[in-house]
Every structure is written in structure tokens, then in C-alpha cells.
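Keep in mind it's a predicted model, so treat the numbers as computed, not measured. Side chains are part of it too, since the values below use all heavy atoms of this structure and drop only hydrogens, waters and symmetry mates.
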Amino acid sequence: VGSEMCIRDSTLANSLSLTLVHDTSYVASGGLEERTTINRTLGIVAYEYRINDSTLIFADAQVLRGNNGSDSVGDLQAFSNIDEAELTKMYEVWVEKSFYEESLRFKIGQVDANNEFAYAEHAGEFIHSSMGFSPTVSYFPTYPSPRLSVNAFYSATQNTQLSIGHYANQNRSFSNGFTVGQWTQHIGNVTAAIGGWMQSGDIAPLVENEVDESMPPQDASGLFATLSGEFGSRLFAAQNGSWFMQYGQSSDTTSEIDTHIGAGITWYGMNNRKDDVLGLGISHITTSPLVASQYKRDETAIELFYRFQLTDNLALKPDIQFIANPAADREAKDALVLTMRVELSI
């Protein structure tokens, strides 16, 4: 799931919050199961406690119920960022400490890495999962499985930040873990970020359409970059707008998705309604030739949504996606998927 689904507003002190996200999707045409309706609901209960101006403790629990929409579409990227197997779990539990007027920050505990790394600014309203982070970051410790980690962030200037994190493996051991680094630069209304990641030591390589367990495990690694900005716009009677671009690449011997390109544009304050949002985005991937018998060679998703902010706590988001060449199943046809997302925050 993209970073927008995780609650991390450190400006609130000693706060308890509840978020419910419900998706009803209809496969209007194509996919694997045409004219199918899929329902699923994600609930998040979060609590944060600010000890002082420099120390914050955060914890949340998540519950997901319903069916995975991609099972009916056959897409590899996941057209909804809440789609997963059903879960009930303690999600994030971490403590954050800042020093030197917040120029140096540490976050230690069970952390969703996408809250700090590889996210595209201004992509948070899209529901397609690849808008949250590049799917080439194959072993990313994010939704639905954050990991025990140590993270450090240093702001050399007000506009420059260097971030690094090391995440334990599934056995909660820091050996053969996931390491990620990112450099972020703000230039006026534009934000550029570039980073790299490595999953060390325990990856069985892909060899001719299968995982070869007989070969020695190896490291997996890749690069990602995002570029985003803001602009003034009166189009659609909007108050302002924003845009983003994404790129990701990883080795085709260890990652099923080896290249990703994405972009999107959003308008805020539509029709003089300050909290309404309109967005249009695209995400394209190519898959490793080593999994050619399992997956199609590429997949492209185009998303259009409108967010209606009905009250301070309730929003509706009708969403249309066209998924060309769904790649996870070679029998899947080009799909048109309609989703109504309901978001309730208390």
C-alpha cells in the first residue's frame, strides 16, 4: 500500500484515531472474471504519544477483510493499494527521536519503509499501488509486512535530506536484511529524490521461468527516483495542482518486475470545493524475460479518480482504471475496472 494509507501525523499529541477504507470494485470488462464485484475493507486504529518536542511514540493495528481484486483482474501491479490476503495484526510500533532542531532524526522499531522511502510526493490520493512506490523495489518491507528496523535522517540544509534504513528479515534478524538509502532535494516547488536498495544474501535467482533453489543465494538490488512539483491552475476551477514522475529499475535475475515508469497529475480544490481532488495517472512496468512463461512482458495501468470530501470525516472516491495487458496471468484480457472507495476518519 502507498504511504497515504499509513497514519503518521506527528503534529498531534497523545491522539487516538480510527480510519476505515472500503473499496467496492467492478470488473466492467476483460480481466479474468468479467462483470465481477469485489468488496474489501481495511481498518486502522492508531495511537501516538508525544513525550516531548523531540520524542514521539507511535503504534497502530490493522485489519483487512474481503477479497483481493487482482485475483479477478490478473494484473501484476495491484490496482488497489489495500488489496492483500486477509490480515489482523499489530502493524507499526516505533519511537522517533530528533536532535539539533530536527536536523537529525532517528526512527527505531517496526516501521513501514514506504512512509520514509521511495514514495512519490503528490501521489497519495491515487489508489493504484504503484503510485505509492515503484514495484521494482521487490523486497520492500511495506504493507502488509513492515519490519523491525533502524532508520536515520539527516538534513544538511532546509532543502536537502539524506535518509538511510536497515530492516530485519522475516525472522527478525538483521543479518541478510533490507537496506535502503535516499537523497532528497527541494528546489523551489520541485522535489527530486533518488535512492537505492539491497536485499542481502538470501535471494534464489530466477533461471528460465523458475526459481533455481540449487544455485547459491545472492543479493538483490535496484534504484528508484521520483520527481514532483506544484503549479498554479484554474483549470476545472481548481485552486492549485501538482504532478509527479517515477522511475525504478532492478536486476532481472532477482526481480520479477525489472523496470517501472509512472507519472500523474492532480488538481486540488475542484469547483471551489477546497478539499475535492481530481487525479489522472499512468504506471507502466516490464517483467523479467526469465519469467516469460509465467507473466506477460509488460503491463500499463491508467487511473482517473475524483475525491468528494463530503464532511470533515467522510470522503467518496469514484475511480476508473484501464489496465492494458494484465501481466500476472497470461489469460487475462485488457480490463476496465470501476472502484468506489469510501474513506472514514475519526
J.: What's the spacing between T36 OG1 and D71 CG if we round to 0.5 Å?
T.: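 So the OG1 of T36 and the CG of D71 are separated by 11.0 Å.
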J.: Side chains of S54 and S98: do they bring a donor and an acceptor to under 3.5 Å?
T.: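 Distance-only check fails for S54 and S98.
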J.: With side chain to side chain contact (heavy atoms under 4.5 Å, CB included) as the criterion, how do R65 and T88 come out once you've worked through the C-alpha distance, each side chain's angles and the decisive distance to 0.1 Å?
T.: CA-CA 9 Å; R65 291 293 182 269; T88 302; 2.7 Å; yes
J.: Tell me, please, which residues at least two apart from K296 pass salt bridge (Lys or Arg N to Asp or Glu O under 4.0 Å).
T.: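 In terms of salt bridge (Lys or Arg N to Asp or Glu O under 4.0 Å), with neighbours along the sequence ignored, K296 is linked to no residue.
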J.: If you compare all heavy atoms of F117 against all heavy atoms of G165, which two are closest, and at what distance to 0.1 Å?
T.: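 Answer, listing the atom of F117 first, then G165: CZ-N, 3.6 Å.
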J.: Any salt bridge linking R105 with E116? Criterion: basic side-chain nitrogen under 4.0 Å from a carboxylate oxygen.
T.: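 Looking at E116 together with R105, the answer is yes, because their closest N to O distance falls below 4.0 Å.
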J.: Just checking, any donor-acceptor pair under 3.5 angstrom between side chains of S228 and H122?
T.: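 No donor-acceptor contact under 3.5 Å links the two side chains.
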J.: Could you walk me through whether K274 and Y268 pass the side chain to side chain contact (heavy atoms under 4.5 Å, CB included) check?
T.: CA-CA 7 Å; K274 65 183 182 70; Y268 301 97; over 6 Å; no
J.: Look at the aromatic rings of Y47 and Y49 and report parallel, tilted or perpendicular, splitting at 30° and 60°.
T.: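 Rings of Y47 and Y49: parallel, under 30°.
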J.: Would you please name every residue forming a side chain to side chain contact (heavy atoms under 4.5 Å, CB included) with Q110, sequence neighbours left out?
T.: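 With sequence neighbours excluded, Q110 shows a side chain to side chain contact (heavy atoms under 4.5 Å, CB included) to P146, R172, given in chain and number order.
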J.: Using 0.5 Å steps for rounding, measure from the CD atom of Q246 to the OG atom of S283.
T.: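 So the CD of Q246 and the OG of S283 are separated by 6.5 Å.
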J.: Tell me whether D83 contacts the main-chain N or O of G69 through its side chain, where contact means a donor paired with an acceptor under 3.5 Å.
T.: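 It does hold such a pair.
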J.: Could you go through F140 and F224, starting from their C-alpha distance and side-chain angles, then the distance that decides it, and tell me whether this counts as ring pair (Phe, Tyr, Trp, His ring centres under 6.0 Å)?
T.: CA-CA 12 Å; F140 210 24; F224 59 86; 7.3 Å; no
J.: Any side-chain heavy atom of S70 within less than 4.5 Å of one from F79?
T.: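 In short, these two side chains touch, coming nearer than 4.5 Å.
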J.: Could you check whether F126 and F244 have their ring centres less than 6.0 Å apart?
T.: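 Yes.
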J.: When hydrophobic residues are tied together by side-chain contacts of less than 4.5 Å, even through go-betweens, does V337 share a cluster with I82?
T.: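 No, V337 does not connect to I82 through the hydrophobic network.
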J.: For the atom pair CG (L42) and CG (L64), what is the distance rounded to the nearest 0.5 Å?
T.: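 It is 5.5 Å, given to the nearest 0.5 Å.
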J.: Hey, mind stepping through I194 and L223 against side chain to side chain contact (heavy atoms under 4.5 Å, CB included) and telling me if it holds?
T.: CA-CA 8 Å; I194 186 169; L223 301 173; over 6 Å; no
J.: Side chains of N325 and T300 only: does a donor on one sit below 3.5 Å from an acceptor on the other?
T.: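 Distance-only check fails for N325 and T300.
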J.: Taking atom CG of D312 as the centre, does the number of heavy atoms from other residues, nucleotides or ligands within less than 6.0 Å exceed 12?
T.: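 Not buried by this count: 12 neighbours or fewer within 6.0 Å.
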J.: Under 3.5 Å, is there a donor-acceptor pair linking the side chains of D258 and S288?
T.: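 Note: D258 and S288 side chains miss the donor-acceptor criterion.
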J.: Would you check if the side chain of D252 reaches a backbone N or O of S255 as a donor-acceptor pair within less than 3.5 Å?
T.: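 Here the side-chain-to-backbone pair does not exist.
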J.: Given 3.5 Å as the limit, does a donor-acceptor pair link the side chain of Q62 with the main chain of L87, or not?
T.: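 Side chain of Q62 to backbone of L87, a donor-acceptor pair under 3.5 Å: no, none is there.
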J.: Would you check if the side chain of T179 reaches a backbone N or O of M198 as a donor-acceptor pair within less than 3.5 Å?
T.: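 No, because the side chain of T179 does not come within donor-acceptor range (under 3.5 Å) of the backbone of M198.
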J.: Verify the neighbour count for atom CD of Q170: are there more than 12 heavy atoms of other residues, nucleotides or ligands below 6.0 Å?
T.: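 No.
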J.: Do we see a donor-acceptor contact under 3.5 Å between the side chains of N115 and E92?
T.: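 Note: N115 and E92 side chains meet the donor-acceptor criterion.
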J.: Output yes when a side-chain donor or acceptor of E299 lies under 3.5 Å from a complementary backbone atom of L76, and no otherwise.
T.: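 Judged by distance alone, yes, a pair lies under 3.5 Å.
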J.: Can you find a heavy atom in the side chain of T339 that is under 4.5 Å from one in the side chain of K317?
T.: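 No, too far: nothing below the 4.5 Å cut-off.
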J.: Are T184 and H186 close enough that a side-chain donor and a side-chain acceptor fall under 3.5 Å?
T.: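 Their side chains do not contain a donor-acceptor pair, so the 3.5 Å distance test is not met.
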J.: May I ask you to decide if G201's main-chain N or O and D219's side chain share a donor-acceptor pair within less than 3.5 Å?
T.: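 Present.
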J.: Any chance CD of E102 has more than 12 other-residue heavy atoms, nucleotides or ligands included, within less than 6.0 Å?
T.: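 Atom CD in E102 is not packed in, count stays at 12 or less.
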J.: Could you tell me the separation between the CG atom of L20 and the OG1 atom of T41, rounded to the nearest 0.5 Å?
T.: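 Going from CG on L20 over to OG1 on T41, the span is 7.5 Å.
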J.: Would you check if there is a donor-acceptor pair between the side chains of E125 and T266 at a distance under 3.5 Å?
T.: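 No, because no side-chain N or O of T266 sits under 3.5 Å from a partner of the opposite role on E125.
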J.: Enter the distance from M340:CE to T24:OG1 here, rounded to the nearest 0.5 Å.
T.: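 Interatomic distance, M340 CE to T24 OG1, rounded to 0.5 Å: 8.5 Å.
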J.: Around atom OH of Y154, are there more than 12 heavy atoms of other residues, nucleotides or ligands at under 6.0 Å?
T.: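 At most 12 heavy atoms, drawn from other residues, nucleotides or ligands, come within 6.0 Å of this atom.
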J.: Tell me if a side-chain donor or acceptor on N313 pairs with a main-chain N or O of S345 at a distance below 3.5 Å.
T.: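 Side chain of N313 to backbone of S345, a donor-acceptor pair under 3.5 Å: yes, one is there.
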J.: Can you tell me if D112 and T142 form a side-chain donor-acceptor pair at under 3.5 Å?
T.: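 T142 and D112 do have a side-chain donor-acceptor pair below 3.5 Å.
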J.: Tell me if the CG atom of D53 is crowded by more than 12 foreign heavy atoms within 6.0 Å.
T.: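 Not buried by this count: 12 neighbours or fewer within 6.0 Å.
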J.: Begin with the C-alpha distance, continue with both residues' side-chain angles, and end with the deciding distance and a verdict on side chain to side chain contact (heavy atoms under 4.5 Å, CB included) for V180 and Y167.
T.: CA-CA 8 Å; V180 58; Y167 290 71; 4.2 Å; yes
J.: What's the spacing between E86 CD and R40 CZ if we round to 0.5 Å?
T.: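 Between atom CD of E86 and atom CZ of R40 there are 12.0 Å.
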J.: Donor-acceptor pair, distance only, cut-off 3.5 Å: does the side chain of S200 make one with the backbone of G177?
T.: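 Yes.
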J.: Do R307 and E343 meet the salt-bridge criterion of a basic N to acidic O distance under 4.0 Å?
T.: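 Salt bridge present between E343 and R307.
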J.: For the side chain of S242 and the backbone of G229, is there at least one donor-acceptor N/O pair under 3.5 Å apart?
T.: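 Here the side-chain-to-backbone pair does not exist.
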J.: Whether the side chain of T157 engages the backbone of T160 through a donor-acceptor N/O pair (distance < 3.5 Å, no angle test) should be reported.
T.: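 Between the backbone of T160 and the side chain of T157 there is a qualifying donor-acceptor contact (under 3.5 Å).
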J.: Do the side-chain N and O atoms of S15 and S17 include a donor-acceptor pair separated by under 3.5 angstrom?
T.: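 No - no donor-acceptor pair under 3.5 Å links their side chains.
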J.: Any donor-acceptor pair under 3.5 Å linking the side-chain atoms of S163 with those of Q161?
T.: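 Judged by distance alone, the side chains do pair up.
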J.: Determine the interplanar angle of the Y143 and Y91 rings, folded into 0 to 90°, and report it as parallel if under 30°, tilted if 30 to 60°, perpendicular if over 60°.
T.: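 Tilted, since the angle between the ring planes falls between 30° and 60°.
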